[in-house]
Amino acid sequence: EFQVKLASSGRIVTVPKDCTVVQALAAAGVEVATSCEQGVCGTCLTRVLEGEPDHKDMYLSPEEQAANDQFTPCCSRSRSPMLVLDL
Ligand code: FES
């Protein structure tokens, strides 16, 4: 489990093991637009301001993934205890 922080409000949402970031945000009332929910389309792409995502998508190039400044919250997770998202 890890946490995501919404940069705009400072709100912190916990993402349990069995839940995607999109699901955890939705449960907290924060909607992120999705389409494929499998890391293919890039619809859910979200900017990451702090922290290291655990990229599970096939949308970003390896270089884009390594930059750690965006991720796909429909399927990707976090390597750090907290991600700060531009939401
Ligand atoms: Fe398609 Fe996340 S919804 S990559």
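Atoms within each ligand, like the ligands themselves, are counted from 1 in listed order. Fair warning: this is a prediction, and the values are worked out from it, not measured in the lab.
Atoms of ligand 1 lying under 4.0 Å from at least one heavy atom of Cys74, given by number and element, are 2 (Fe), 3 (S), 4 (S). Close approach of ligand 1 to Cys44 is summarised as follows: ligand atoms under 4.0 Å from at least one heavy atom of the residue are 2 (Fe), 3 (S), 4 (S). Heavy-atom proximity to Gly39, at under 4.0 Å, picks out these atoms of ligand 1: 4 (S). The Glu37 neighbourhood of ligand 1 comprises atoms 1 (Fe), 3 (S), with distances under 4.0 Å to a heavy atom of that residue. If you number the atoms of ligand 1 from 1 as listed, the ones under 4.0 Å from a heavy atom of Ser35 come out as 3 (S).
Ionic pairing of Arg77 and Asp54 is not present here: no N-O contact between side-chain nitrogen and carboxylate oxygen is shorter than 4.0 angstrom.
The closest protein non-hydrogen atom to atom 4 (S) of ligand 1 is Gly42 N, 3.2 Å.
Residue contacts to atom 2 (Fe) of ligand 1: Cys41 brings no N, O or S atom closer than 2.8 Å. Using a cut-off of 2.8 Å, one finds that Cys36 contributes no N/O/S atom close to atom 2 (Fe) of ligand 1.
Considering all non-hydrogen atoms of both residues, Ala24 and Pro16 come closest at CB-CD, 4.5 Å. The two residues Glu64 and Asp69 come nearest to each other via the heavy atoms O-OD1, 4.3 Å.
Residue-environment remark: OH (Tyr59) stays at or below the threshold of 12 foreign heavy atoms within 6.0 Å.
For Val40, the heavy-atom gap to ligand 1 drops under 4.0 angstrom.
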